[in-house]
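Step one of this worksheet: look at the structure below.
A note on names: the letters A, B, ... follow the listed sequences, proteins ahead of strands, and every chain is numbered from 1. Quick caveat: nothing in here was measured; it's all calculated off a predicted structure.
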Number of protein chains: 4
Amino acid sequence: MEEATSKREHILNAGLNLFAERGFDATTIPMIATKAEVGAGTIYRYFINKENLVNELFQQYVETCINILHEHYPETNSSPREQFRHIFNGMVRFTNEHEHALYFIKTHNHSHVLNETSRERFEEMLNFIRSFFEKGKEQGIIRDLPANALIAIVLGAFLELHKLVREGDVDPNAKLFEGVEESCWDAIRAH
Amino acid sequence: MEEATSKREHILNAGLNLFAERGFDATTIPMIATKAEVGAGTIYRYFINKENLVNELFQQYVETCINILHEHYPETNSSPREQFRHIFNGMVRFTNEHEHALYFIKTHNHSHVLNETSRERFEEMLNFIRSFFEKGKEQGIIRDLPANALIAIVLGAFLELHKLVREGDVDPNAKLFEGVEESCWDAIRAH
Amino acid sequence: MEEATSKREHILNAGLNLFAERGFDATTIPMIATKAEVGAGTIYRYFINKENLVNELFQQYVETCINILHEHYPETNSSPREQFRHIFNGMVRFTNEHEHALYFIKTHNHSHVLNETSRERFEEMLNFIRSFFEKGKEQGIIRDLPANALIAIVLGAFLELHKLVREGDVDPNAKLFEGVEESCWDAIRAH
Amino acid sequence: MEEATSKREHILNAGLNLFAERGFDATTIPMIATKAEVGAGTIYRYFINKENLVNELFQQYVETCINILHEHYPETNSSPREQFRHIFNGMVRFTNEHEHALYFIKTHNHSHVLNETSRERFEEMLNFIRSFFEKGKEQGIIRDLPANALIAIVLGAFLELHKLVREGDVDPNAKLFEGVEESCWDAIRAH
DNA sequence: GATGAATGAGTCTTCATTCAT
DNA sequence: CATGAATGAAGACTCATTCAT
């Protein structure tokens with residue numbers, strides 16, 4: 001029983017790593033099986049097919065990310081600066097806990113293999129961040145740009161940075177993240 | 001001769017569009033042949049194989065991008081603000097002239113199909129931008145963050161934004177690009 | 001012990017039904033296990049493998065059919081008409097008692113999965129019927145055609161008819177069987 | 001051009017033989033490819049998939065059989081005896097010209113792989129034969145049994161006989177077929 | 001040069017069979 | 001004894017690549 005759960009977990013982890021590194025189409029079932037240390041057929045005991053596996057992964061991690069963002073979210077009357085720090089730190093924490101997850105989500109979002117549920121879950125996550133920007137703009141604290149564009153700036157910056165860290169091109173110390181957080185804040189706040 | 005060049009060009013264009021839209025692995029040679037209006041076998045008269053085609057494309061457009069960045073680059077004694085505007089506008093222009101090129105470069109950079117030369121060409125492009133940041137940091141005008149991180153912020157922001165434009169999620173008017181340019185400048189400049 | 005026998009019986013029954021309905025190749029071990037209400041592994045405690053199961057079934061029912069044909073077979077000096085009626089009624093009775101058996105035998109006879117023993121058992125059954133035809137021909141009462149051909153006529157007719165009944169395309173009343181029996185007799189008797 | 005047609009023909013022939021001998025499920029694409037002396041992939045240039053191949057075959061041969069039955073069919077006012085001889089000889093001729101076709105049709109009729117069109121074509125063929133029996137019964141010349149049952153008797157007899165011929169268990173001379181034709185006629189005519 | 005029919009290596013997926021519990 | 005989770009061999013099918021025309 002414990003083993004079975006473990007097997008499913010192994011497959012999900014192997015899938016996450018490989019999908020994030022190579023993308024859905026370049027990842028084969030035998031690759032996942034080898035990395036998960038299970039037989040190829042075993043994957044089909046836990047997932048209907050390759051598409052099902054990638055969607056389960058996507059939804060699971062979008063869910064996790066949403067939870068992290070919601071957790072301890074600053075009160076409604078707290079400052080946008082504080083709220084932004086919470087969101088940014090949430091992304092940092094999410095990435096620390098699930099190394100490839102955010103990169104996987106980003107590279108597979110808009111992929112042809114995602115089903116309706118996956119798209120909805122992702123939209124839900126975006127909406128949360130979007131509403132932060134909308135409120136900030138109303139208060140004149142956030143720069144007057146489309147919310148989507150603001151998200152793109154912050155998410156794009158964060159993810160590219162994360163890629164650098166993954167590849168060992170920068171040292172991921174606390175000072176770096178603080179600096180980037182401030183940089184992103186300056187990118188989105190009204191001047 | 002003129003015909004032959006034209007066929008090569010058709011194949012490259014078809015490849016660029018399809019690789020950008022679907023990714024390397026989801027794009028088949030027959031797809032490219034159909035879009036290029038040539039026989040599938042003809043592709044192999046111009047390119048050794050599919051990998052060779054994608055690498056040629058990658059190197060060609062990185063080259064083009066480098067050229068655009070170098071062209072009319074502000075004098076050494078001009079202000080970083082001005083230089084940054086040149087770089088940012090260069091990316092905008094590059095994207096206007098070659099709709100799918102930058103997105104293609106971004107999604108295939110770090111792909112498992114790129115060869116050493118392609119990686120070197122890309123690094124060369126980064127170096128150019130990197131040197132801009134290094135100089136700006138020395139002058140105390142650019143934020144004290146690793147150059148790689150600064151590039152990540154700007155490039156990440158720009159590319160994510162470009163994706164939004166491609167997908168029709170934001171309206172790509174001049175005001176938007178000006179706003180984002182300013183936003184990015186605020187992200188990287190020392191405060 | 002009684003339980004064990006019962007499980008073997010359940011497996012055989014499930015196998016018979018499924019092989020008759022779907023054929024050997026389209027019937028999976030899990031299907032049989034589910035229908036027999038046993039674990040898939042249990043089947044391998046009673047049968048070496050899938051082929052062994054199908055051969056056991058085949059031989060068992062050919063055996064049963066032979067027994068029915070022999071049982072109360074009319075005396076040697078009785079008329080061929082009477083003997084034929086016995087044979088025909090035997091087939092009807094066999095089919096009534098084991099709904100899918102004769103159809104299973106017919107569709108799997110000459111199948112690539114049958115082993116030598118199964119073929120021999122089947123041949124034995126044919127020999128019994130064959131000898132009836134040979135004797136009848138000697139007496140000038142049965143039509144002068146190869147015994148094999150006569151068997152083909154009767155067995156072919158009966159089995160096709162049985163298929164119609166199974167599929168609900170004709171109503172299996174006593175009058176029908178009597179009519180067909182007479183029809184078959186007219187087909188084989190000398191005129 | 002001539003070659004291409006020939007390849008398709010080779011595949012169809014190989015498929016017909018193997019499907020007739022082993023059944024749809026026990027016949028693999030590599031088997032067909034080997035027998036047809038083509039690459040496995042080539043089969044997919046001519047047929048969408050295995051199911052498509054079997055349906056094409058089924059429809060083609062049912063069509064051919066219908067044509068043979070219709071060709072030179074005796075005038076409406078000719079005797080049922082004469083009409084029956086035409087039908088029976090048609091089946092003999094069809095089988096002589098396409099050795100495995102009728103057996104293939106018979107064993108795959110009611111198969112789970114046949115599509116609607118195939119079923120309709122087959123029903124059309126049955127209807128032709130059925131109408132002969134119906135008319136004959138009205139005239140009191142054919143035995144009073146359901147038309148389906150009469151077809152079963154004749155078709156069953158013929159096909160089982162054909163199987164014997166295929167397997168070399170009887171010698172397929174003209175006298176045999178004449179004898180069986182007479183036998184079948186006696187089976188269906190009113191007495 | 002240009003083509004596209006032909007190929008077979010490599011995918012995903014199923015399922016007979018094994019074996020630890 | 002009974003089980004069903006795990007496996008990997010084998011099947012259907014795709015597609016990069018070749019080569020005869």
Does D:Y103 have D:K163 sitting over its ring (NZ/CZ under 6.0 Å from centre, angle to axis within 45°)?
no
Measure from the side-chain heavy atoms of C:I29 and tell me the nearest of F:dA16, E:dA16, E:dA2.
E:dA16
Between B:H108 and B:F104, does the ring centre distance come in under 6.0 Å?
yes
Salt-bridge criterion met for A:E63 and A:R121 (N-O under 4.0 Å)
yes
Would you say F:dT3 has OP1 or OP2 under 4.0 Å from some side-chain N or O of C:T42?
yes
Is the shortest side-chain N/O distance from A:K7 to OP1 or OP2 of F:dA6 below 4.0 Å?
yes
Return no unless some side-chain N or O of D:R45 is found under 4.0 Å from OP1 or OP2 of E:dA5.
yes
Hey, does the side chain of B:T27 reach the backbone of B:L18 with a donor-acceptor pair shorter than 3.5 angstrom?
yes
Please check: side-chain N/O of A:D25 versus main-chain N/O of B:F24, any donor-acceptor pairing under 3.5 Å?
no
How long is the line joining CZ of A:F47 and P of F:dA6, in whole Å?
12 Å
What residues in residues 31-39 of chain B put a non-hydrogen atom under 4.0 Å from any atom of DNA chain E?
B:V38, B:G39
Closest to the side chain of C:N49, out of E:dT17, E:dT13, F:dC15, is E:dT17
Would you say a side-chain N or O of A:Y44 is under 4.0 Å from OP1 or OP2 of E:dT14?
no
Assess whether atom CD of B:E37 is packed by more than 12 heavy atoms of other residues, nucleotides or ligands within 6.0 Å.
no
